[in-house]
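Below: the structure, in structure tokens.
Basis for what follows: all heavy atoms, side chains included, without hydrogens, waters or symmetry-related copies.
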Amino acid sequence: MVQVLLIVLVAVLSGTLLYTMAAARVVKQYERGVVLRLGRLHNEVRRPGFTMIVPGVDRLRKVNMQIVTMPVPAQDGITRDNVTVRVDAVIYFKVVDAASAVIQVEDYRFAVSQMAQTSLRSIIGKSDLDDLLSNREKLNQGLELMIDSPSVGWGVQIDRVEIKDVSLPETMKRSMARQAEADRERRARVINADAELQASKKLAQAAQQMSTQPAALQLRLLQTVVAVAAEKNSTLVLPFPVELLRFLERAQQGQPPPVAAGESQGSPGQPVGDRSEGGPEEQPAEGAASAVDPPDPPDPSVPLAPSVTEQTFTDQPLPDEPLAGPGPAGAPEFDPEVLPDFDPQEPADRSRTNPFTRH
């Protein structure tokens with residue numbers, strides 16, 4: 001009898017141990033347990049720790065309550081300004097209602113992933129390229145609202161959505177690079193022109209200030225020479241004043257320097273007529289024109305003798321006899337019968353004829 005009782009007791013203890021082992025469950029701190037009893041949702045969601053279920057009747061599903069980081073695959077799309085881009089993103093979400101995450105949706109991870117991809121495509125089509133590149137914060141907020149709206153019924157909360165990268169075609173990258181370069185060059189030219197304008201104003205003020213003191217210009221010239229000479233140069237450029245060059249030009253042409261009105265052409269203290277270096281000047285006769293008076297104009301009624309350059313050229317032979325007519329005043333009259341004796345010592349290039357007789 002005692003043996004039978006012991007055998008029954010051992011059997012009950014073994015069955016209890018087996019039942020306990022089959023019904024015992026452990027829920028971790030970051031998990032929640034959803035119990036389905038005979039296919040129906042049990043009212044109580046199991047908290048973290050040790051819990052028991054009815055083996056063969058209850059089914060426990062554990063739901064992770066941690067924040068899930070899910071990358072969104074890159075999506076190709078066309079922006080509102082007709083630019084083809086490729087955008088990828090990352091989404092952060094967590095389960096706030098374990099029962100809804102199990103009952104309302106088959107696989108909440110896959111559902112959130114598909115919703116993120118479609119929302120990202122929609123955001124790309126509604127935005128411009130400049131917004132995708134520079135105004136990402138606003139796009140992230142819009143994308144978060146688009147994903148969070150349907151996921152509320154799934155027991156899922158979207159914490160944050162971030163656009164990671166925007167890939168552009170190579171042609172668009174080159175175009176944007178040229179645009180940025182042109183904009184930089186434009187700004188550089190505007191700044192340079194502004195600097196030139198300010199410098200010209202300052203130079204005009206400096207020139208106006210120097211014009212009151214001529215010595216200031218000479219000092220500035222010397223400062224420029226010193227600045228150039230400070231460098232290790234083999235050539236030193238020294239500018240000349242324009243007035244000095246004009247003075248040298250007049251001296252080369254033999255023109256006297258300009259004299260102010262009212263001053264005489266001679267030196268101070270010397271009479272106008274006394275121009276020669278040796279001896280006193282002869283006084284003009286009474287009634288004669290003064291040395292400083294201009295000559296009388298020629299009479300148009302008296303014909304002028306043609307000059308040598310104005311005489312008509314002819315190829316006829318010259319006459320053997322000399323031309324008649326007296327020579328210049330004071331010149332001896334030429335006699336062809338009387339010729340001077342030939343002198344062997346006389347140079348060959350010396351003329352033996354009267355220089356005033358034409359041949």
Side-chain angles (χ1 to χ4, degrees), residues 71-92 116-117 119-146 160-246 249:
V72 180
Q75 303 297 314
D76 294 330
I78 300 177
T79 61
R80 190 167 59 181
D81 50 354
N82 298 326
V83 178
T84 304
V85 294
R86 186 180 181 88
V87 183
D88 56 351
V90 59
I91 180 173
Y92 303 88
Q117 295 181 28
S119 300
L120 184 58
R121 285 176 176 270
S122 178
I123 284 292
I124 293 174
K126 295 178 181 179
S127 304
D128 295 332
L129 179 61
D130 295 338
D131 295 336
L132 289 175
L133 297 176
S134 60
N135 196 11
R136 292 188 180 182
E137 188 65 28
K138 183 179 179 181
L139 296 180
N140 293 336
Q141 295 177 1
L143 188 59
E144 180 180 349
L145 292 176
M146 293 179 66
R160 192 175 184 85
V161 180
E162 292 288 343
I163 296 177
K164 290 198 306 183
D165 188 20
V166 178
S167 300
L168 299 175
E170 294 297 330
T171 56
M172 180 58 63
K173 290 181 180 179
R174 290 193 295 267
S175 300
M176 295 177 65
R178 289 195 298 268
Q179 179 183 1
E181 183 179 357
D183 184 66
R184 292 284 183 179
E185 185 177 359
R186 179 186 63 83
R187 291 169 58 185
R189 289 185 178 180
V190 170
I191 294 174
N192 190 17
D194 191 13
E196 291 292 340
L197 178 60
Q198 296 180 7
S200 62
K201 292 181 180 179
K202 295 298 182 181
L203 288 176
Q205 294 178 4
Q208 184 178 5
Q209 186 68 21
M210 287 183 180
S211 62
T212 58
Q213 295 292 337
L217 184 60
Q218 187 67 20
L219 292 176
R220 182 58 183 166
L221 176 61
L222 295 177
Q223 290 178 359
T224 305
V225 173
V226 170
V228 174
E231 301 292 337
K232 296 181 180 180
N233 296 330
S234 59
T235 304
L236 180 62
V237 179
L238 184 62
F240 278 98
V242 180
E243 291 76 6
L244 180 59
L245 297 178
R246 292 177 180 175
E249 183 180 0

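- You'll find the side chain of Val72 stays beyond 4.5 Å of the side chain of Val161, heavy atoms only.
- Using a 4.5 Å heavy-atom threshold, the side chains of Val87 and Gln75 count as separate.
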Q. Where do Ile78 and Ile124 land on the side-chain contact (heavy atoms from CB on, under 4.5 Å) test, with the steps shown first?
A. CA-CA 7 Å; Ile78 300 177; Ile124 293 174; over 6 Å; no
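- Here the side chain of Asp165 pairs no donor or acceptor atom with the backbone of Asp88 at under 3.5 angstrom.
- The CD atom of Glu170 sits 4.5 Å away from atom NZ of Lys173, with the distance rounded to the nearest 0.5 Å.
- What you find for Thr79 and Ser127 is that their closest heavy atoms are CB-O, 3.3 Å.
- Remark: Arg121 CZ to Ile123 CD1 distance equals 13.5 Å, nearest 0.5 Å.
- Of all the heavy atoms in Lys164 and Arg136, the pair that sits closest is O-NH1, 3.4 Å.
- Gln213 contributes no side-chain N or O that, together with a main-chain N or O of Ser211, makes up a donor-acceptor pair within less than 3.5 Å.
- One distance of note links CE of Met146 with CG of Leu139; it measures 11.0 Å at 0.5 Å rounding.
- Inter-residue side-chain proximity for Met176 and Met172 is flagged as met; some heavy-atom pair is nearer than 4.5 Å.
- In this structure, CD in Glu185 is found 11.5 Å from CG in Asn192, a value given to the nearest 0.5 Å.
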Q. Leu143 and Leu120: side-chain contact (heavy atoms from CB on, under 4.5 Å), yes or no, with the steps?
A. CA-CA 7 Å; Leu143 188 59; Leu120 184 58; 4.0 Å; yes
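- In terms of heavy atoms, Leu129 sits closest to Leu168 at CD1-CD2, 3.4 Å.
- Gln223 CD: more than 12 foreign heavy atoms inside a 6.0 Å radius.
- Note: Ile91 CD1 to Asn140 CG = 11.0 Å, rounded to the nearest 0.5 Å.
- For the pair Asn135 and Asp130, the minimum side-chain heavy-atom distance is 4.5 Å or more.
- Note that CZ of Arg160 is 8.0 Å distant from CD of Glu144, once rounded to the nearest 0.5 Å.
- Here Gln141 pairs with Glu137 under the side-chain contact (heavy atoms from CB on, under 4.5 Å) rule; sequence neighbours left out.
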